[in-house]
Amino acid sequence: MQGRRLEPNVITYSASISACQKGSQWREALKLLAEMQGRRLEPDVITYNASISACEKGSQWQEALKLLTEMQGRSLEPNVITYSAAISACEKG
């Protein structure tokens, strides 16, 4: 892989957003989500779960609910993790 330029993908963005969540860096997580979309990469359920969890950790319930709405607008089906993180964000807010 030496000498090759590697392009980020959905997996690397999701992992980075998850790392932001663990480090309580919700703003950075949302910046990465926006950057990802700017690169025309489609976030998946895992990406949104990590982003919503980052907002939950930062007590940003309004941002978490915005992401949940955005996710549904992209025809992505929220799962138990998604709803659990969103509910937890509301509880902390």
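Along the sequence shown, residues carry numbers from 1.
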Self-check item: Working for side-chain hydrogen bond (donor to acceptor under 3.5 Å, both in side chains), residues S53 and K57
Solution: CA-CA 6 Å; S53 292; K57 189 137 187 190; over 6 Å; no
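Atom CZ of R27 sits about 10.5 Å away from atom SG of C55, to the nearest 0.5 Å. Separating the CD atom in Q21 from the CD1 atom in I17 is a distance of 11.0 Å, to the nearest 0.5 Å.
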Quick one: side chains of residues 28-44, donor-acceptor pairs under 3.5 Å with protein atoms, not counting sequence neighbours, listed by atom name and distance.
residue	atom	partner	partner atom	Å
E35	OE2	Y13	OH	2.6
Q37	NE2	Y48	OH	3.4
Q37	NE2	E70	OE2	3.1
R39	NE	Y13	OH	2.9
R39	NH1	E7	OE1	3.4
E42	OE1	R74	NH1	2.8
D44	OD1	I46	N	3.1
D44	OD1	T47	N	2.9
D44	OD1	T47	OG1	2.8

For residues 80-88, run the donor-acceptor check on the side chains, cut-off 3.5 Å, and write out each pair with its distance to 0.1 Å, sequence neighbours left out.
residue	atom	partner	partner atom	Å
T82	OG1	N49	OD1	2.4
T82	OG1	N79	N	3.1
T82	OG1	N79	OD1	3.0
S88	OG	E56	OE2	3.1

